[in-house]
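Let me begin by presenting the structure, written as structure tokens, before commenting on it.
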Amino acid sequence: MEKFYVTTPIYYVNDVPHIGHFYTSLAADALARYWRMRGRDVFLLTGTDENSQKNVEAAAKRGYDDVQAYIDMMSGRWFAIFRDLGITFDGFIRTTEERHRIGVEEFWRRVESTGDIYLGEYEGLYCAGCEAFITESDLTDGQCPVHRKEPQRIKEKNYFFRLSAYRERLLEHIDAHPEFIQPVSRRNEVRSYVERFMEDISISRETMKWGIPVPGDPTQVIYVWFDALINYLTGIGFGDDQERFGRYWPADVQLVGKDIIKFHCALWPAMLMSAGIPLPKKVFAHGFFTIDGEKISKSLGNAVDPQAAAERYGIDALRFFLLREITFGEDGDFSMDRLGERYANDLANELGNLSHRVLSMTAKYFAGKVPPATDGSLGPVWDRYDQAMADLRFGAALDAIWDLLRDSNRLIDAEQPWKLAKTDQERLAAVLYTLLERLRASAWMLRPLLPETAGKMRRQLGLSEEEFDREYEAARVWGGIAENATIAKSEPLFPRRDD
Ligand code: MSP
């Protein structure tokens, strides 16, 4: 069986997830569900990045003496929140876990044995917000432009990774594999960074106490990014379950936000090359979004809680909004008002209403039974949808489905089944069969995107649970809705709201 391995970044636990974090995980979930539906052996990995100074500071701020206790509690919350929001992860890796430490040590030794680790002196600036060494030229008014904080000045003995030794190989790889970094604009950004700026980097810290000790030198801990990136390997068994590791690696898609692209497209592949491990097939960087036009920030207090948004409109409406309104790969804006509009128009009106009309007419004119099958075709919609999903164009996948739904609404208006009921029974049956069949196809295509809604549609169409266990290729064929099957009473998919 073909596999599909998809990863999300692992998240810092200095706070609970906001809508931006949920966004990355949602995209990974949609992909994972899609490839599961197509019969692949899927593994979706997510987790928490725990060896960060940020977490240590957050623990202190909240009055925890025991950093690990704070991190355990917070990691548990991230786990539960993602699970409750319907993210179907297969693995959850925590970087303070023993299995992770074992894999990181193994990885370090491999890189060391290639001669790519050397001892040096680091003198310069460090931004704890970025967890990265930065240069004077990165600063605005002496502050990190992202975190608006003065960086720490550091002078310490560190282990360095010979990153610059991989410049040529990396450029060759980027050029030979246009699919490696997506979208294209990001590829160009990374390429010029690798070509012009990529230097050796310090991969240990002398003054930090929290983290994984450097193998053979307990006076240093491993730099948090070097440790964190390895989660993508340890999360599937590197270092403790070689069989499982071999089954899933290399990753098919690694999803990241555009803020962390250099770590994933320069440092990470060079680390893998050094350790003699194949590179992931694709790293896809999505954009960032603002809330009502403003950057998500604690000081503005505008961080939207994904659970609150899901409680208000339902998880599927939130999923729809994020995947449809914001083009995947580009920046966008989140607004509760826009979410409300999408709910009323696209979901309640175009999808909910169509489903309700079709089911009620079937009840009324055919006593709730699917009329006799008629010939037909779904046209190119399913191909369009598959192509969009394979390219991570979630909005385009939804568009393909919505074109079918809108066309179905038009078909009802044009055919006027209530008139056909008096004049042409045969045509009425053909129209309704077509509409029911299109709803079945839509339910299928919606499974990875709006899983709850897809399930409701399946039940309303009188299809058993086994319907969704069928082979994907067979399900794509016209005529899956069985004639004479009993459809259920229509319950609104997206009840009207007063706000
Ligand atoms: N711990 C690192 C990642 C290590 S991966 C080896 C990290 N964590 S994070 O919690 O700060 O952010 C993780 C991801 O959340 C970002 O890369 C991005 O994907 C997502 N987002 C955070 N804020 C976001 C927005 N405002 N908009 C969209 N995505 C956002 O970085």
Side-chain angles (χ1 to χ4, degrees), residues 1-10 24-47 79 82-83 85-94 97 99-100 102-103 107 177 179-180 182 229-256 264 268-269 272 275 277-284 319 323 328 382-383 385-394 397 443-452 454-455 458 465-477:
M1 194 198 279
E2 241 189 298
K3 61 90 186 175
F4 186 82
Y5 177 35
V6 54
T7 65
T8 75
I10 48 172
T24 316
S25 293
L26 165 63
D29 175 70
L31 275 184
R33 287 179 191 259
Y34 175 73
W35 288 106
R36 275 186 212 119
M37 164 168 104
R38 297 201 61 167
R40 294 253 189 119
D41 171 14
V42 169
F43 200 95
L44 163 51
L45 180 71
T46 194
F79 183 104
F82 279 151
R83 187 199 50 207
L85 284 169
I87 306 298
T88 55
F89 50 85
D90 301 286
F92 192 98
I93 180 84
R94 302 183 48 193
E97 281 178 85
R99 59 170 173 149
H100 179 69
I102 292 171
F107 191 94
H177 299 90
E179 71 293 347
F180 176 54
Q182 290 285 326
L229 287 161
I230 301 170
N231 92 84
Y232 301 129
L233 309 177
T234 55
I236 49 167
F238 179 81
D240 76 335
D241 184 348
Q242 220 37 47
E243 196 274 324
R244 192 155 72 118
F245 176 66
R247 185 159 134 214
Y248 292 111
W249 191 260
D252 293 82
V253 180
Q254 301 211 258
L255 289 172
V256 296
H264 284 84
W268 177 226
L272 289 166
I277 298 171
L279 306 194
K281 292 183 199 158
K282 189 196 297 272
V283 178
F284 194 106
R319 290 174 72 106
L323 296 173
F328 200 63
W382 215 313
D383 287 339
Y385 164 84
D386 280 332
Q387 192 56 57
M389 290 302 288
D391 297 342
L392 284 80
R393 288 181 294 115
F394 303 109
W444 261 89
M445 290 185 279
L446 283 172
R447 285 173 60 190
L449 303 162
L450 312 184
E452 254 178 33
R458 174 187 62 70
E465 251 169 79
E466 283 80 62
E467 168 67 17
F468 282 171
D469 290 333
R470 286 170 61 201
E471 289 255 340
Y472 189 69
E473 289 308 317
R476 286 180 45 138
V477 176

Inset, instruction - Would you indicate whether Gln242, at its atom CD, is surrounded by more than 12 heavy atoms from other residues, nucleotides or ligands within a distance under 6.0 Å? - result: yes

Legend entry - Closest contact, heavy atoms only, Leu449 versus Ala397: CD1-CB, 4.3 Å

Legend entry - Distance-only donor-acceptor check, side chains Trp35 and Tyr5, under 3.5 Å: no

Inset, instruction - Check the surroundings of atom CD in Glu471: do more than 12 heavy atoms from other residues, nucleotides or ligands lie under 6.0 Å from it? - result: no

Legend entry - salt bridge (charged side-chain N to carboxylate O under 4.0 Å, His left out) evaluation trace for Glu2 with Arg40: CA-CA 5 Å; Glu2 241 189 298; Arg40 294 253 189 119; 3.5 Å; yes

Inset, instruction - Could I get the full list of side chain to side chain donor-acceptor pair (under 3.5 Å) partners for Tyr385, not counting sequence neighbours? - result: none

Inset, instruction - Please work out which of the three classes, parallel, tilted or perpendicular, describes the rings of Phe43 and Tyr248, given edges at 30° and 60°. - result: tilted

Inset, instruction - Specify the closest pair of heavy atoms between Phe82 and Thr46, including all atoms of both residues, with the distance to one decimal. - result: CE1-OG1, 4.5 Å

Legend entry - Over all atoms of both residues, closest heavy-atom pair of His100 and Ile230: CE1-C, 4.0 Å

Legend entry - Side-chain touch Phe238/Ile277, heavy atoms, less than 4.5 angstrom: yes

Legend entry - Gln254 and Phe284, any side-chain heavy atoms less than 4.5 Å apart: no

Inset, instruction - Please name all residues satisfying side chain to side chain donor-acceptor pair (under 3.5 Å) with Trp444, sequence neighbours left out, ordered by chain then number. - result: Glu467

Legend entry - Over-ring placement of Arg447 relative to Phe468, 6.0 Å and 45° cut-offs: yes

Legend entry - For Thr88, all residues meeting side chain to side chain donor-acceptor pair (under 3.5 Å), sequence neighbours excluded: Asp29, Arg36

Legend entry - Set of residues satisfying ring-ring contact (aromatic ring centres under 6.0 Å, His included) with respect to Phe92, sequence neighbours excluded: Phe79, Phe89

Inset, instruction - Could you pull out all residues at least two apart from Arg458 that satisfy side chain to side chain donor-acceptor pair (under 3.5 Å)? - result: none

Legend entry - Beyond-backbone contact of Asp241 with Arg99, side-chain heavy atoms, under 4.5 angstrom: no

Inset, instruction - Flag the pair Lys3 and Asp252 as a salt bridge only when some basic side-chain nitrogen lies within less than 4.0 angstrom of an acidic carboxylate oxygen. - result: yes

Inset, instruction - Scan Leu31, Thr8, Thr7 and name whichever one has a side-chain contact (heavy atoms from CB on, under 4.5 Å) with Leu44. - result: Thr8

Inset, instruction - For the pair Glu452 and Arg319, find out whether any cationic side-chain nitrogen is under 4.0 Å from an anionic carboxylate oxygen. - result: no

Legend entry - Set of side chain to side chain contact (heavy atoms under 4.5 Å, CB included) partners for Asp383, sequence neighbours left out: Arg476

Legend entry - Nearest heavy atoms of Pro280 and Pro250, plus distance in Å: CA-CB, 4.2 Å

Inset, instruction - Find the distance between CZ (Arg38) and CE (Met389) and round it off to the nearest 0.5 Å. - result: 10.0 Å

